[in-house]
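As the structure is a computational prediction, the values presented were derived from the model and not from experiment.
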Amino acid sequence: MSGPPEDAEVVLVTGANQGLGFALVESLSTSLPPGSVLYLTGRNPTAVAAAAGSLAGNPVPPTAAYLDVTDPDSIAAVAEEIEKLYGGVTAVISNAAARISPTRTQAEQVDMFVDTNNHGTTRMLAAFGPLLRDGARVVVVASAFGSLRNLRPELRSRFDVDTADLADID
């Protein structure tokens with residue numbers, strides 16, 4: 001049995017075992033061309049396997065993979081697998097996100113929130129950027145919460161891409 005052709009679509013979605021990420025994978029699993037490869041990833045291996053299993057009968061059944069955007073080793077493992085098996089990726093949808101809980105103070109949650117939502121995106125870009133094929137797409141799902149217009153005006157200059165690079169901003 002041979003694998004997908006070299007020019008097959010290879011798509012990865014993070015935070016895909018529930019919510020928007022799952023809906024994206026569900027749609028892609030019926031709309032990608034035959035022979036495509038679709039990774040459904042998340043940080044809970046049991047939930048990831050169950051979500052992928054629920055779509056196993058679709059035309060492009062997703063491959064379940066553990067990927068926690070706060071864990072550089074898990075990101076590297078999936079990136080290395082994709083590079084070894086397919087040589088690159090045609091689309092990355094960076095959807096993983098931490099949620100703010102109303103039952104805990106913001107101070108208790110800020111480190112986890114920034115590590116997941118901000119640094120997790122940076123880690124994904126660093127790991128998968130070199131694997132992007134010509135014409136590849138990267139989609140970063142984010143909320144208005146991360147918009148500069150929601151930041152106090154005196155802090156906005158810290159995020160000026162004309163004077164800071166991504167490492168500075170992180």
Side-chain angles (χ1 to χ4, degrees), residues 1-98 111-143 146 161 164-170:
M1 182 180 203
S2 65
E6 224 173 88
D7 62 346
E9 294 280 330
V10 179
V11 179
L12 177 134
V13 183
T14 66
N17 59 282
Q18 63 181 345
L20 177 63
F22 181 80
L24 289 166
V25 170
E26 184 175 35
S27 177
L28 288 166
S29 71
T30 61
S31 62
L32 284 171
S36 296
V37 178
L38 176 59
Y39 276 79
L40 182 156
T41 74
R43 65 181 171 189
N44 179 327
T46 303
V48 167
S54 74
L55 302 175
N58 287 6
V60 178
T63 299
Y66 166 73
L67 190 154
D68 179 348
V69 299
T70 68
D71 176 4
D73 292 337
S74 78
I75 296 170
V78 175
E80 289 168 12
E81 175 179 317
I82 288 174
E83 182 175 29
K84 178 182 174 189
L85 295 175
Y86 311 109
V89 65
T90 53
V92 174
I93 302 174
S94 185
N95 171 70
D111 288 339
M112 173 269 310
F113 187 83
V114 169
D115 192 32
T116 303
N117 297 17
N118 298 80
H119 298 296
T121 300
T122 302
R123 288 182 197 104
M124 288 297 297
L125 294 171
F128 286 92
L131 301 183
L132 296 174
R133 295 179 180 170
D134 289 343
R137 296 153 319 270
V138 175
V139 177
V140 176
V141 178
S143 70
V161 295
D165 63 18
L166 188 54
D168 294 331
I169 292 170
D170 272 351

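Scanning all heavy atoms of the two residues, the minimum distance from Ala49 to Ala64 falls at CA-CB, 4.1 Å. When every heavy atom of Ala79 is checked against every heavy atom of Ala127, the shortest pair comes out as CB-O, 4.1 Å. In this structure, Val60 and Ser36 approach most closely via the heavy-atom pair CG1-O, 3.5 Å. Nearest approach of Pro61 to Pro59, heavy atoms of both residues: CD-O, 3.4 Å. Pro45 and Tyr66 get closest at one heavy-atom pair: CG-CD1, 3.9 Å.
Atom OG of Ser54 is separated from atom CD of Glu26 by 7.0 Å, given to the nearest 0.5 angstrom. One distance of note links CG of Leu67 with CG of Asp73; it measures 11.0 Å at 0.5 Å rounding. Considering CD of Glu80 and CD1 of Ile75, their distance stands at 12.0 Å, rounded to 0.5 Å. Atom CD1 of Ile82 and atom CG of Leu12 lie 5.0 Å apart (nearest 0.5 Å). With rounding to the nearest 0.5 angstrom, the CG atom of Leu55 is 4.0 Å from the CZ atom of Phe22. With values rounded to the nearest 0.5 angstrom, Leu38 atom CG is found 9.5 Å from Asn58 atom CG.
Partners of Asp71 by salt bridge (Lys or Arg N to Asp or Glu O under 4.0 Å), not counting sequence neighbours: none found.
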Determine, step by step, whether Ile93 and Leu28 satisfy the side-chain contact (heavy atoms from CB on, under 4.5 Å) criterion, reporting the C-alpha distance in whole Å, the side-chain angles of both residues, the deciding distance to 0.1 Å, and the verdict. CA-CA 11 Å; Ile93 302 174; Leu28 288 166; 4.1 Å; yes

Start with the C-alpha gap between Arg133 and Tyr86, add the side-chain angles, then the distance that decides, and say whether side-chain contact (heavy atoms from CB on, under 4.5 Å) holds. CA-CA 10 Å; Arg133 295 179 180 170; Tyr86 311 109; 3.8 Å; yes

Leu125 and Thr121: side-chain contact (heavy atoms from CB on, under 4.5 Å), yes or no, with the steps? CA-CA 6 Å; Leu125 294 171; Thr121 300; 4.2 Å; yes

The test is side-chain contact (heavy atoms from CB on, under 4.5 Å); show your working for Thr14 and Met124 and say whether it passes. CA-CA 9 Å; Thr14 66; Met124 288 297 297; 3.5 Å; yes

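Annotation: side chain of Val37 is not in contact with side chain of Val11 (no heavy-atom distance under 4.5 Å). The shortest side-chain heavy-atom distance between Val138 and Val140 falls under the 4.5 Å cut-off.
Around the CZ atom of Arg123, the shell of radius 6.0 Å holds more than 12 heavy atoms that belong to other residues, nucleotides or ligands.
In this structure, the side chain of Thr30 engages the main chain of Ser27 through a donor-acceptor pair within 3.5 Å.
Ion pairing between a basic and an acidic side chain is recognised when a charged N comes within 4.0 Å of a carboxylate O; Glu9 and Arg137 show such pairing.
Side chain to side chain, Tyr39 and Glu81 meet the donor-acceptor criterion of an N or O pair below 3.5 Å.
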